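The block underneath contains the structure these notes are about, expressed in structure tokens.
Because the structure is a prediction, the values reported are computed rather than measured. These values consider heavy atoms only, across backbone and side chains, with no hydrogens, waters or symmetry-generated copies. By convention here, the first residue in the shown sequence is residue 1.
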Amino acid sequence: MRYRGSKRAVTSRRRTALPLMATLLATAGVLAACAAAPANEKATIIVTTNILGDITRNIVGDSATVVVLMEANADPHSFGISAHQAGEMEQADVIIFNGLGLEEAVLGHVESAREQGVPVLEVGAVINPITLPGTGEAGAQDPHFWTDPQRILTAVGAIENAVVEHVRLSNPAHIHSNAATYKANIGELDQWMSAKFAAVPAQKRKLVTNHHVFGYLAQRFELEVIGAVIPSGTTLAAPSASDLSDLASTIREAGVPAIFADTSQPDKLATVLAEEAKVRVQIVPLFSESLSAAGQGAQTYIEMMRTNTNRMTAALLD
């Protein structure tokens with residue numbers, strides 16, 4: 001009897017141990033999977049503006065997740081972000097921003113993330129920035145460098161290096177290959193734009209814009225910016241009555257055929273100026289500060305530059 005009782009006890013212990021062992025193994029498997037999950041997750045790159053966002057996505061491809069804060073058709077000088085997005089910035093692997101004072105409502109969040117140890121790249125600091133008109137040699141720097149494709153080539157190299165340095169990548173060579181391909185595309189864009197602007201006679205290469213946004217383009221393609229409706233590098237400024245009067249006189253004297261206004265801004269001031277100048281002046285909308293939604297003419301950086309160049313040259317030759 002003791003033997004049979006002892007045998008039942010051993011059998012019972014074995015039956016109890018088997019479910020327990022299965023539970024332990026299952027738990028260990030879950031823990032191992034959880035521990036391995038971060039290694040399989042893609043790194044996160046946060047980009048402030050949609051123009052730099054498009055450029056970064058062309059470089060990164062599917063090697064990391066690129067989060068762009070600025071929506072299509074927004075104004076980079078005034079767009080804001082949510083508390084959730086601000087929190088995401090402090091968890092990013094790297095933040096890429098335009099800088100030079102462009103993202104006025106977001107720069108504080110960029111600095112906060114930097115203080116938390118997040119690597120940041122200010123692209124505008126590496127492209128040999130120019131100063132805004134009327135601010136002197138030591139004045140404010142112009143943040144609108146993307147209007148010059150040659151400076152975008154420099155920007156691509158800076159973004160490429162920042163991604164390889166700060167982002168966990170399974171294949172860094174993929175980033176270099178993408179960057180090389182995109183640089184070739186930008187080089188083709190630059191040559192095409194050069195040919196388009198070369199067809200405009202020198203006496204007609206005069207620009208009046210909604211605000212000072214095409215200084216880099218003018219420098220690259222030998223155009224002359226004779227004035228801006230808003231005499232500032234930001235859309236948040238406003239012109240005075242004397243500013244409008246002086247610019248109206250300049251337009252009449254120079255025989256400017258068009259005023260180029262950003263598509264994200266109302267053209268009321270440009271229209272008022274055209275009426276004040278008492279001359280026939282077109283109001284030509286350009287995608288100068290932001291990409292557009294699909295099908296609107298500026299879904300990508302390259303499409304934006306081609307659309308703007310076609311509209312500008314057509315108006316100047318009219």
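- Counting only N and O atoms by type, the side chains of Gln296 and Asn73 include a donor and acceptor under 3.5 Å apart.
- We find that Asp62 and Lys42 are not joined by a salt bridge, their nearest charged nitrogen and carboxylate oxygen being 4.0 Å or further apart.
- Residues Val68 and Val66 have side chains in contact (heavy-atom distance under 4.5 Å, counting atoms from C-beta outward).
- With a 6.0 Å radius and a threshold of 12 heavy atoms from other residues, nucleotides or ligands, Glu222 has its CD atom at or below the threshold.
- Arg306 and Glu303 are not joined by a salt bridge, as no carboxylate oxygen comes within less than 4.0 angstrom of a charged side-chain nitrogen.
- Put simply, the side chain of Asp190 reaches to within 4.5 Å of the side chain of Arg220, judged on heavy atoms.
- Checked by atom type and distance alone, the side chain of Asn161 pairs as donor or acceptor with a backbone atom of Gly157 at under 3.5 Å.
- Checked against the 6.0 Å centroid threshold, His144 and His77 count as a close aromatic pair.
- Although no hydrogens or angles enter the test, the distance criterion places a donor-acceptor pair under 3.5 Å between the side chain of Tyr216 and the main chain of Ile130.
- Between Thr48 and the options Val123, Val110, Ile81, a side-chain contact (heavy atoms from CB on, under 4.5 Å) holds for only Val110.
- With hydrogens and angles ignored, the 3.5 Å screen pairs no side-chain donor or acceptor of Asp148 with any backbone N or O of Leu217.
- Listed for the Arg114 side chain is no donor-acceptor partner under 3.5 Å among the backbone atoms of Pro119.
- Side chain of Glu103 to main chain of Asn98: a donor-acceptor pair is present (N/O by atom type, distance under 3.5 Å, no hydrogens or angles).
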Given Asp142 and His212, is the side chain to side chain contact (heavy atoms under 4.5 Å, CB included) satisfied, shown in steps? CA-CA 8 Å; Asp142 189 340; His212 287 303; 5.5 Å; no
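- A donor-acceptor contact shorter than 3.5 Å links the side chain of Thr56 to the backbone of Leu52.
- Hydrophobic clustering (side-chain heavy atoms under 4.5 Å, transitive across Ile, Leu, Val, Met, Phe, Trp, Tyr) keeps Val156 apart from Ile46.
- Phe97 is not connected to Val213 by any chain of hydrophobic side-chain contacts under 4.5 Å among Ile, Leu, Val, Met, Phe, Trp and Tyr, and they are in different clusters.
- Here the side chain of Trp146 pairs a donor or acceptor atom with the backbone of Ser288 at under 3.5 angstrom.
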Check the pair Leu169, Ile175 against side chain to side chain contact (heavy atoms under 4.5 Å, CB included), reporting the backbone distance first and the verdict last. CA-CA 9 Å; Leu169 299 167; Ile175 303 297; 3.7 Å; yes
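- Distance alone, capped at 3.5 Å, is enough to place a donor-acceptor pair between the Asp93 side chain and the Thr44 backbone.
- Side-chain contact between Phe145 and Ile152 is present, with at least one heavy-atom pair separated by less than 4.5 Å.
- Residue Glu71 qualifies as open at atom CD: its count of foreign heavy atoms under 6.0 Å is 12 or below.
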